[in-house]
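Below: one structure, written as structure tokens.
Just so it is clear: chains get the letters A, B, ... in the order the sequence lines come, proteins before strands, and each one is counted from 1.
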Amino acid sequence: MELKADDLQLLYRYCYSLTQDQDDAFDLLQNGIEKWLKTNQSRDVGIGYLRRIIRNHFIDECRRLKRVAFEPFADTTPTMLAADSIEQTMISQQEVTVLMERLNTGERETLFLWAVMEYTAEEIAKETNSPRGTILSRLYRIKRKVADLAIAADGTTKLGRNA
Amino acid sequence: MKTSLKQATKEHFAKQTMSDTQLQQLQLKLKSTQDHCLRDWMGIAAMFTLLVLAVFHFYPTQPEPGLAIAQEVAKNHIKLRPLEVISDDFNKTSAYFQQLDFVLAPSRRIDQPGLTLLGGRYCSIQSETAAQLRYIDSNGKPLTLYQVGFDAGIFGYFPDIGKGQEPRLYYVDGLRVLLWVEKGLLMASVKSD
């Protein structure tokens with residue numbers, strides 16, 4: 001399989017969704033490609049396989065550095081009834097930047113796969129080897145955090161008017 | 001102005017791009033591996049011929065596999081990422097690296113006077129977990145030393161200074177990079193020329 005420049009940039013953005021750091025994202029991508037090239041299947045599998053290699057390497061690195069890669073869920077975490085209920089969520093470009101800082105790794109990855117790769121919840125679950133309920137929970141939390149941003153922005157606006 | 005979360009997220013990630021240099025680095029790595037695979041299938045007879053010719057030469061004619069490693073360690077040297085262990089004592093620094101499947105060894109190539117150990121951090125060389133040790137010389141210039149367990153099957157041929165061979169020298173981005181095998185470890189040193 002040939003990797004074009006656009007493919008590499010998309011993979012880099014996936015790495016960035018995991019690391020939130022440009023240097024770490026490039027390192028992760030580079031290490032992932034090196035591992036991918038060493039596998040016997042490197043010519044016969046698609047980019048999804050390479051993303052899984054990158055994801056596994058990210059988890060290994062977090063484990064080595066004693067960091068939590070993907071936060072576990074409590075059973076009581078609410079889930080979204082339907083994945084498409086997040087489709088109507090509106091946000092400004094400035095708020096997206098703030099949102100990314102407030103999301104954990106799993107939520108950022110889920111948001112990337114949903115928005116940029118346009119995967120369904122089922123496809124994200126398969127890609128990340130996670131239960132579909134976990135993905136729906138993450139989408140719910142993302143939607144809630146967007147709403148919290150809007151509330152915070154409205155609060156600031158009201159304070160400004162009152163002043 | 002607000003837009004859909006999906007669109008805003010796409011635009012956010014679209015701004016995250018690798019530089020042309022980074023992209024070229026990856027494309028070069030991909031291309032060199034593809035070329036290498038072609039040689040595997042088509043070069044058996046050619047390699048045999050080279051082997052025969054090498055018998056009549058003083059020095060071996062094996063291809064040099066070290067450029068990718070030299071570029072990788074040079075890049076790490078330039079970045080100077082934060083140290084994970086800070087110590088001027090080699091044994092204390094070495095004790096930090098519990099995740100390695102080898103033991104750090106002092107190198108006789110890094111013993112010049114005025115060189116002070118600052119500490120170390122984990123890194124990787126060709127995806128193998130490695131250690132980076134950082135030194136500073138009497139002029140305040142950094143020198144980084146990399147160590148990783150040597151496996152010729154992974155890294156290829158490198159000179160062994162224990163057998164009296166000289167390190168292999170590369171110049172990358174204005175830096176002087178030396179690669180060699182010592183005490184069963186592949187080592188690399190990087191400093192300004």
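Counting heavy atoms from C-beta outward, B/Leu26 and A/Leu3 have side chains that stay 4.5 Å or more apart. In this structure the side chain of A/Gln30 never reaches within 4.5 angstrom of the side chain of B/Gln22, judged on heavy atoms. A 4.5 Å side-chain heavy-atom check between B/Glu11 and A/Val96 finds every atom pair outside the cut-off.
The environment of B/Asp173 atom CG is sparse: at most 12 non-hydrogen atoms of other residues, nucleotides or ligands sit within 6.0 angstrom. Enclosure of atom NZ in A/Lys145 by more than 12 non-hydrogen atoms of other residues, nucleotides or ligands within 6.0 angstrom is indicated. Open room surrounds CG on A/Asn129; 12 or fewer heavy atoms of other groups in view lie less than 6.0 Å from it.
Only the side chain of B/Ser124 comes within less than 4.5 Å of a heavy atom in chain A; its backbone stays farther off. Interface remark: A/Val146 contributes side-chain atoms only to the contact with chain B (heavy atom separation under 4.5 Å). Contact annotation for B/Gln24: neither backbone nor side-chain heavy atoms come within less than 4.5 Å of a heavy atom of chain A. Only the side chain of A/Ile33 comes within contact range of chain B, with at least one heavy atom under 4.5 Å from a heavy atom of that chain. Residue A/Leu10 does not touch chain B at all, counting heavy-atom pairs closer than 4.5 Å. Both the backbone and the side chain of B/Met18 come within contact range of chain A, with heavy atoms under 4.5 Å apart.
Among B/Leu23, B/Thr3, B/Thr9, the residue with the largest count of heavy-atom pairs under 4.5 Å with chain A is B/Thr3. For chain A, the option among B/Gln99, B/Gln98, B/His12 with the highest count of heavy-atom pairs below 4.5 Å is B/His12.
Inspection of non-hydrogen atoms places B/Lys75, B/Lys79, B/Arg81, B/Glu84 of residues 75-86 of chain B under 4.5 Å from chain A.
Nearest heavy-atom pair, B/Leu30 versus A/Trp36, reported as atom, atom and distance to 0.1 Å: CD2-CZ3, 3.8 Å. When all heavy atoms of B/Ala14 and A/Arg13 are compared, the pair lying nearest together is O-NH2, 3.4 Å. Contact detail for A/Ala150 and B/Lys2: the closest heavy-atom pair is CB-NZ, 4.2 Å.
Note that CG of B/Leu5 and CD of A/Glu87 are 9.0 Å apart. Values are rounded to the nearest 0.5 Å. Separating the CG atom in A/Asp27 from the SG atom in B/Cys123 is a distance of 10.0 Å, to the nearest 0.5 Å. If you take CG on A/Asp21 and CD on B/Gln16, they are separated by 10.0 Å, rounding to the nearest 0.5 Å. Between the CD1 atom in A/Ile91 and the CD atom in B/Gln7 there is a gap of 12.5 Å [rounded to 0.5 Å]. Separation of atoms NZ (A/Lys35) and CD (B/Gln126) is listed at 11.5 Å; rounding is to 0.5 Å. Taking CE of A/Met117 as the start and NZ of B/Lys10 as the end, the distance is 10.5 Å to the nearest 0.5 Å.
A continuous path of hydrophobic side-chain contacts links B/Trp180 to B/Leu169 [ILVMFWY only; heavy atoms under 4.5 Å]. With hydrophobic clusters built from ILVMFWY side chains whose heavy atoms lie under 4.5 angstrom apart, B/Leu143 does not share a cluster with B/Ile136. Note on A/Leu149 and A/Met90: separate hydrophobic clusters, where clusters join Ile, Leu, Val, Met, Phe, Trp and Tyr whose side-chain heavy atoms are under 4.5 Å apart, directly or indirectly.
Using bins of under 30°, 30° to 60° and over 60° for the plane-to-plane angle, the ring pair A/Phe112/B/Phe13 lands in the perpendicular bin.
When the side chain to side chain donor-acceptor pair (under 3.5 Å) test is applied to B/Gln132, the partners found at least two apart in sequence or on another chain are B/Arg134, B/Tyr146. Evaluation of the side-chain contact (heavy atoms from CB on, under 4.5 Å) rule for B/Asp89 yields B/Ser87, B/Asn91, B/Lys92 as partners, not counting sequence neighbours.
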Could you list the donor-acceptor pairs under 3.5 angstrom formed by side chains in residues 101-119 of chain B, with sequence neighbours left out?
from	atom 1	to	atom 2	distance (Å)
B/Ser107	OG	B/Arg109	N	3.1
B/Ser107	OG	B/Glu182	OE1	2.6
B/Arg108	NH2	B/Ile161	O	2.7

